[in-house]
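I have placed the structure first, in the form of structure tokens, so that the comments after it can refer back to it.
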Amino acid sequence: MTLLGNPRRSRVAATYDSAADHFDLAPLSFWDRHGRRAVHHASLRPGESVLDVGCGTGASALPAASTVGPTGSVIGIDIAEAMLTRAGMKARVQRLSNMRFERMDMTSLSFPSETFDAVISVFSVFFVEDVQAQITELWRVLRPGGRLVLTFWGKDAFQPGAAIFTEELGTLRPNIPEPLRAWERLTSRNAIEDLIASATKVVPEVHPAPDRQPLATPRDWWTIAMGSGYRWEINQLTSDERQRLEQRCSARIRAQFIKAISVPAFHAVAGKPI
């Protein structure tokens with residue numbers, strides 16, 4: 001476990017520990033949609049072993065466990081303990097006895113090389129400083145013939161809500177520390193393809209997944225912010241500032257008749273040669 005000595009990783013852990021209380025609410029159903037899509041692209045078969053890296057509350061780990069069945073196995077790892085607690089509860093409700101969850105930093109995996117038939121990481125690898133080295137580490141624990149599936153956000157993810165949030169936050173707290181927006185580092189098909197090819201020496205298949213999250217009410221954007229990486233900035237505010245920011249964002253969403261948020265993604269698949 002290396003995150004305790006790494007301020008960047010500790011900040012990610014703290015952000016998503018606090019975001020866990022909103023992660024499974026209806027306005028954030030895009031987590032489950034993209035999780036299921038990642039599992040689909042992994043082409044899992046009954047009896048296979050799967051590692052889900054940055055598993056959150058189980059959006060991809062749970063459907064993976066259902067797919068590989070009782071003869072297969074799934075291990076979900078995350079650095080946010082609150083996420084793992086929720087994932088474990090959901091697995092018990094669904095009676096999935098072929099999986100377990102562990103708190104582990106993806107930058108220091110404790111598994112031997114060539115352990116898993118599939119490695120899945122949905123919206124996670126971009127949080128580390130050296131993404132190429134991280135992908136190489138995931139490739140290490142994948143067996144020959146196995147599949148690596150990585151999911152990244154596409155261009156304009158969370159818009160137009162993100163722009164409104166940033167503008168209103170800047171007005172309210174112009175001196176806020178650097179935000180946690182690591183997902184903005186890789187949002188193009190070519191960049192994702194080149195990165196994975198550099199790390200694995202395999203050119204991946206990159207599947208675009210356009211998507212939009214409906215907003216049933218203007219306040220749904222705030223719920224999304226509370227259950228995502230934007231939670232880090234929200235956590236820097238006083239309760240009064242939070243209330244004012246929520247009110248300003250909701251008022252602008254309402255005034256501009258915004259009915260959906262863009263949540264596009266890319267699902268990249270690389271098969272390890274036998």
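Here the structure is a predicted model, which means the values were calculated and not measured. Just so you know, residue 1 is the first one in the sequence shown, and it goes up from there. Hydrogens, waters and symmetry mates play no part in the numbers below; they use all other heavy atoms, side chains included.
Between V122 and V149 the shortest side-chain heavy-atom distance does not fall below 4.5 Å. The shortest distance between side-chain heavy atoms of V74 and R100 does not fall below 4.5 Å. You'll find the side chain of E102 stays beyond 4.5 Å of the side chain of L84, heavy atoms only. At a threshold of 4.5 Å between non-hydrogen side-chain atoms, the residues L51 and T115 do not count as touching.
A distance-only check finds a donor-acceptor pair linking the side chain of K272 to the backbone of W139 [under 3.5 Å]. Judged purely by atom type and a 3.5 angstrom limit, H34 uses its side chain to pair as donor or acceptor with the backbone of V263. When atom types are taken as modelled, the side chain of D78 and the backbone of G56 share a donor-acceptor pair closer than 3.5 angstrom.
Residues satisfying the salt bridge (charged side-chain N to carboxylate O under 4.0 Å, His left out) criterion with R33, sequence neighbours excluded, are D211. A search for salt bridge (charged side-chain N to carboxylate O under 4.0 Å, His left out) contacts involving R143 returns D117, not counting sequence neighbours. Residues satisfying the ring pair (Phe, Tyr, Trp, His ring centres under 6.0 Å) criterion with F116, sequence neighbours excluded, are F111. Looking at residues two or more places apart in sequence or on another chain, you find a ring pair (Phe, Tyr, Trp, His ring centres under 6.0 Å) between F165 and Y230. H207 meets the ring pair (Phe, Tyr, Trp, His ring centres under 6.0 Å) test with H41; sequence neighbours excluded. Remark: E167 engages R252 in a salt bridge (charged side-chain N to carboxylate O under 4.0 Å, His left out) (not counting sequence neighbours). Remark: E48 pairs with R45, R147 by the salt bridge (charged side-chain N to carboxylate O under 4.0 Å, His left out) rule, at least two apart or across chains. Under the rule for a ring pair (Phe, Tyr, Trp, His ring centres under 6.0 Å), F101 has no partner lying at least two apart in sequence or in another chain.
Residues in residues 118-132 take part in no salt bridge (Lys or Arg N to Asp or Glu O under 4.0 Å) pair, two or more places apart or across chains. The stretch residues 184-195 participates, sequence neighbours left out, in no side-chain hydrogen bond (donor to acceptor under 3.5 Å, both in side chains) pair at all. For residues 73-98, no residue pair satisfies the ring-ring contact (aromatic ring centres under 6.0 Å, His included) rule, not counting sequence neighbours.
Not less than 6.0 angstrom separates the ring centroid of W183 from the ring centroid of F123. Aromatic pair F127/Y16: centroids less than 6.0 angstrom apart.
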Practice problem: Begin with the C-alpha distance, continue with both residues' side-chain angles, and end with the deciding distance and a verdict on side chain to side chain contact (heavy atoms under 4.5 Å, CB included) for L150 and I196. | Solution: CA-CA 9 Å; L150 303 176; I196 295 174; 3.9 Å; yes
Exercise. Step by step, work out the side chain to side chain contact (heavy atoms under 4.5 Å, CB included) result for R9 and T107.
Key: CA-CA 10 Å; R9 301 294 290 146; T107 63; 4.1 Å; yes
Quiz prompt | Test log, rule side chain to side chain contact (heavy atoms under 4.5 Å, CB included), inputs L138 and L109 | solution = CA-CA 8 Å; L138 302 185; L109 298 178; 3.9 Å; yes
Quiz prompt | salt bridge (Lys or Arg N to Asp or Glu O under 4.0 Å) evaluation trace for R140 with E137 | solution = CA-CA 5 Å; R140 177 186 68 80; E137 173 66 356; 2.9 Å; yes
Practice problem: Please assess W232 against V12 for the test side chain to side chain contact (heavy atoms under 4.5 Å, CB included), listing each intermediate value before the final yes or no. | Solution: CA-CA 8 Å; W232 186 84; V12 173; over 6 Å; no
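For E81, the CD atom is loosely surrounded, since the number of other residues' heavy atoms within 6.0 Å does not exceed 12.
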Give the table of side-chain donor-acceptor pairs shorter than 3.5 Å for residues 151-162, with sequence neighbours excluded, one pair per line with atom names and distance.
unit_1 : atom_1 : unit_2 : atom_2 : d
T151   : OG1    : H267   : ND1    : 2.8
Q159   : OE1    : A163   : N      : 3.0

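A salt bridge between D21 and R86 is absent, with no side-chain N of the basic residue lying under 4.0 Å from a carboxylate O of the acidic one.
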